[in-house]
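Inspection log for the structure reproduced underneath, given as structure tokens.
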Protein chains: 2
Amino acid sequence: MQRYTGQKRILVAVDCIIFGFDGWNLKLLLVQRAIEPEKDKFSLMGGFIQPSESPDDAANRVLEYRTGLKNVYMDQFHVFGKPERDPVERTLSIAYYALIDIHQYEKQINDEFHAEWFLLNDLPELIFDHAEMVKLAKKQLMYKAALHPILFQLLPEKFTIPQLQSLYEGVFQTQFDDRNFSRKLLSTGLLVKQPEKDKQSSKKGAFYYKLDQSQYKENFESFLNLVPNPDKFF
Amino acid sequence: MQRYTGQKRILVAVDCIIFGFDGWNLKLLLVQRAIEPEKDKFSLMGGFIQPSESPDDAANRVLEYRTGLKNVYMDQFHVFGKPERDPVERTLSIAYYALIDIHQYEKQINDEFHAEWFLLNDLPELIFDHAEMVKLAKKQLMYKAALHPILFQLLPEKFTIPQLQSLYEGVFQTQFDDRNFSRKLLSTGLLVKQPEKDKQSSKKGAFYYKLDQSQYKENFESFLNLVPNPDKFF
DNA sequence: ACAAAAGTGTTGTTTTTACACCCATGC
DNA sequence: GCATGGGTGTAAAAACAACACTTTTGT
């Protein structure tokens, strides 16, 4: 096989920032690192790109291996590549964030890999530049979520509007007016009301909704503006 | 030096999609490829990442080498990494788009490297997956320019509002209402009116403006909405 | 005087916000 | 019957779009 000569090849990894939502709080899935250096510290889910894989393939493989989940929503958002970012050897990392419904996640795999959910606001110390990755991932998630309805990916098939609102409030770290939020949301035409209510969080109960999949796909690329004064956040 | 064992290292390049604006049209700077395969076809400005460089460093080096320009506005926007994208050898490419004031560009370097400006709507055939890169770069540029005042980077220090408008119209491939556009723009407080007028494009002449640098930095991260109905474009 | 482009004014419409109030239910 | 969220109504404010009209100046 032909090659480009005189060029140095570099190790390339993918790292996944896995966001989950349990109905109240936003969380991140981390693993305890099994090898030196920085053994036992926590790290993002990562792995090296294999010769036959595209970066997207690699990210999906890593995610499936760690969580058992396929067909998860993921966005490639940045390459981290300072020469000294990994002390062992120069490694580039292509970072993805993934959005998963936390209840789909199978607990047993969790134990096998020493994986754990952490509150997004209370993370342990992370290896290398992973804290920086998480910071940028949060920002990118806010950015995209302010304009496109991606946060639905974090919820189960049926969910209530108050649940969705607390998810948005978690992502944007603010409170929204509940009345306006639910009206805006319903006016998007993305939701299909279900006959049942969720009675857990209030006496009156909140109706469940499902996503209208065809509307969702159609509107995905449009701006939505569910978030008031998005300026504030950037 | 310690190394990760059993992992394959990959060649990593950067490619720059260089946008320029000459006062009327949006253009792209391309070079004629000097080596086989696909010799003499046109390609983006690219180069391999060196051991001591971050991807950003590499992109800046490539840009300076090809155009002589430093401190240019650039955004890393995507990694292209299909295993077969470069037929010579597997190569990942980290893609950047750059925005330069076309008049700052020094013509002589142009000739040396067989670099040429092409109208964005009339590009020659490109090597590998470079056409796909350009397509995504255009989309990303629209996306960012709809929300942040980055297009100023394509203009000289002093410019007129009609010039800026035709730049926006080039990027979004539509016509905007001139009255509303100029009013919106002035209301941002980003512009400082200059005493002189540009008389080239009309009898009346249009006042020159400069960017208020401190306002610019402050508002850079806010949403601006100079573009009506941004939904339409995504 | 006229043409051609710059740019200001005006107005009706839509979107957004803020907040009052009613609703359903478990205790 | 009352406390607790859930959800609808309404009205003021702000942003936006459409378009008429004035201004400037080279020919």
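Treat the numbers as computed from the prediction; the structure is a model and nothing was measured. Throughout, protein chains are lettered first and strands after them, A, B, ... in sequence-line order, and every chain is numbered starting at 1. Hydrogens, waters and symmetry mates are skipped; everything else that's a heavy atom, side chains included, is used.
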Using whole Å, what does the distance between atom [atom2] of nucleotide [N] and atom [atom1] of [X] come to?
X: A:Leu191; N: D:dG7; atom1: CG; atom2: P; answer: 11 Å
X: B:Gln163; N: C:dA5; atom1: CD; atom2: C1'; answer: 14 Å
X: A:Asp198; N: C:dG26; atom1: CG; atom2: C1'; answer: 14 Å
X: B:Ile161; N: C:dA5; atom1: CD1; atom2: C1'; answer: 14 Å
X: A:Asn180; N: D:dA11; atom1: CG; atom2: P; answer: 15 Å
X: A:Glu196; N: C:dA24; atom1: CD; atom2: C1'; answer: 17 Å
X: B:Phe181; N: D:dC16; atom1: CZ; atom2: P; answer: 14 Å
X: B:Gln165; N: C:dA5; atom1: CD; atom2: P; answer: 13 Å

- [ ] Kindly say if B:Lys203 contacts the phosphate of C:dA6, meaning a side-chain N or O under 4.0 Å from OP1 or OP2.
- [x]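 Checking B:Lys203 against C:dA6: no side-chain N or O falls below 4.0 Å of OP1 or OP2.
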TODO: Taking only the side-chain nitrogens and oxygens of A:Lys184, find out if one of them lies under 4.0 Å from OP1 or OP2 of C:dT17.
DONE: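 For C:dT17, OP1 or OP2 has a side-chain N or O of A:Lys184 closer than 4.0 Å.
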TODO: Scan B:Asn121, B:Leu119, B:Leu120 and name whichever one has a side chain to side chain contact (heavy atoms under 4.5 Å, CB included) with B:Leu26.
DONE: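 With B:Leu26 as partner, side chain to side chain contact (heavy atoms under 4.5 Å, CB included) holds for just one option, B:Leu120.
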Open item on the list: Just by distance, no angles: are the side chains of B:Glu169 and B:Gln173 close enough, under 3.5 Å, to form a donor-acceptor pair?
Closed with: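 No, B:Gln173 and B:Glu169 have no side-chain donor paired with an acceptor closer than 3.5 Å.
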Open item on the list: Can a side-chain donor-acceptor contact be found between B:Asp15 and B:Ser93 if the only test is distance below 3.5 angstrom?
Closed with: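 Note: B:Ser93 and B:Asp15 side chains meet the donor-acceptor criterion.
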Open item on the list: Applying a 4.0 Å non-hydrogen cut-off, can you work out what B:Ser201 is touching in the nucleic acid: base, sugar-phosphate, or nothing?
Closed with: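 Here B:Ser201 touches the backbone only, sparing every base.
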Got a donor-acceptor pair under 3.5 Å from the side chain of [X] to the base of [N]?
X: B:Lys204; N: C:dA6; result: yes
X: B:Asp178; N: C:dA5; result: no
X: B:Arg179; N: D:dA17; result: no

When you measure from the side chain of [X], which nucleotide among [options] comes out closest?
X: B:Ser202; options: D:dG6, D:dT10, C:dA6; value: C:dA6
X: A:Arg183; options: D:dG9, D:dA17, C:dA6; value: D:dG9
X: A:Lys197; options: D:dG7, C:dA24, C:dA5; value: C:dA24
X: B:Asp177; options: C:dA18, D:dC19, D:dG7; value: D:dC19

TODO: Assess the pair A:Tyr97 and A:Phe77: is the distance between their ring centroids shorter than 6.0 Å?
DONE: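 They qualify: ring centres under 6.0 Å apart.
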TODO: Tell me whether the centres of the aromatic rings in A:Phe181 and A:Tyr168 are closer together than 6.0 Å.
DONE: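 So the answer is yes for these two rings.
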